[in-house]
Amino acid sequence: MALALSVRFRKTFGEFSLDVAWEAENGIVVLFGPSGAGKSLTFQVLAGLVTPEEGRVQLGDTLLFDREAGVNLPPRERAVGYLFQHHALFPHMSAEENIRFAHPVPRSAEAGAEAEALLRRFHLQGLARQHPRALSGGQRQRVALARALMRKPRWLLLDEPLSAVDLALRRSIRAELKQLQRSLAIPMVLVTHDLGEAFAMADYLVIYEGGRVTQAGSPEEILRNPENSVIAEWAGNARVHGGRVFSF
Ligand code: ADP
Ligand code: MG
């Protein structure tokens, strides 16, 4: 069976060059790295919004991009559920309408039932009729996530999905996201610059720095032998605090 995701490409944006390669089994892949490392640009390449100079991107058995073979699927054929870092909800529509709108037939009873289930899943029941301006950042993010799921994607790209979620809700949403991935059994790639979150979520962790992948592996492998000083320090502290690195 093919790997869930196989990614290799090079793309230059003026001064910035992105040259990365990683692959992962089905599960949750976390791209971790500081701001400006190239994580969001990677998502744009995966989604087909940006075309790299060379490389190859494969999702399961589907070739999405292959420079040499001349393959470059347009974004709509990549069946991706993409949550942008700065998510854009339709301002003139309520939360529920925003979610319904992602359905092929927004006014159908089926769309209504699915929207309702998604609102429940993301603790938004009471906010269905609110417009985005009346929602907190975290609530908007959850609406955007629900909307991404409405299209029944084959895979999910979530760019910093929890950065605007209040601390109190973050743990439960993390658990929900994990459960969601397990129940849908589709690849989920998640970007974060929060190391605790990276280790809490990842089945496979890819460390980005300056447009390069400096290390990739399971969280356990990376903790055992961190090549990045920030992670080494964090791992050291985590051990000092009783070695319970997966609970924080
Ligand atoms: P991250 O998501 O890891 O914080 P980004 O992928 O957004 O980082 O950006 C990586 C680098 O690429 C940054 O230095 C950014 O300024 C630059 N960049 C992003 N988009 C473009 C663009 N369209 N043209 C030129 N440079 C860009
Ligand atoms: Mg980003």
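First listed ligand is number 1; within each ligand, the first listed atom is number 1. Worth saying up front: this structure is predicted, and the values here are computed from it rather than measured.
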Distance-only polar pair, side chains of [X] and [Y], donor-acceptor under 3.5 Å:
X      : Y      : value
Thr62  : Arg154 : yes
Arg212 : Ser17  : yes
Ser40  : Asp159 : yes
Gln139 : His123 : no
Glu209 : Asn228 : yes
Tyr208 : Trp22  : yes

Close N or O approach (Gly38, ligand 1; < 3.5 Å): yes
Polar contacts were defined as any N/O atom of the residue lying under 3.5 Å from an N/O atom of the ligand; does this apply to Lys39 and ligand 1? yes
I need the protein N, O or S atoms closer than 2.8 Å to the Mg ion (ligand 2), given as residue plus atom name. Ser40 OG, Gln85 OE1
Would you confirm whether any non-hydrogen atom of the protein falls under 4.0 Å from atom 23 (N) of ligand 1? yes
Kindly state if atom 15 (C) of ligand 1 has a protein heavy atom within a strict 4.0 Å cut-off, that is, under 4.0 Å? no
Taking the side chain as C-beta and beyond, is there a heavy-atom pair between Val189 and Leu158 under 4.5 Å? no
Using non-hydrogen atoms of the residue, decide whether Gly36 is closer than 4.0 angstrom to ligand 1. yes
With the threshold set at under 4.0 angstrom, would you say Ser35 reaches ligand 1 through any of its heavy atoms? yes
Lys NZ or Arg CZ of Arg78 over Phe65 ring: under 6.0 Å, within 45°: no
Just by modelled atom types, is the Leu89 backbone N or O under 3.5 Å from a matching donor or acceptor in the Asn98 side chain? no
Please state which protein non-hydrogen atom is closest to atom 18 (N) of ligand 1 and give its distance, to 0.1 Å? Leu41 CD1, 4.0 Å
Identity and distance of the protein heavy atom lying nearest atom 26 (N) of ligand 1: Phe13 CB, 3.5 Å
If you measure from CG on Leu205 to CZ on Phe199, what distance do you get to the nearest 0.5 Å? 5.0 Å
Please could you name the atoms of ligand 1 that Ser40 approaches to less than 4.0 Å, counting only its heavy atoms? 1 (P), 2 (O), 6 (O), 7 (O)
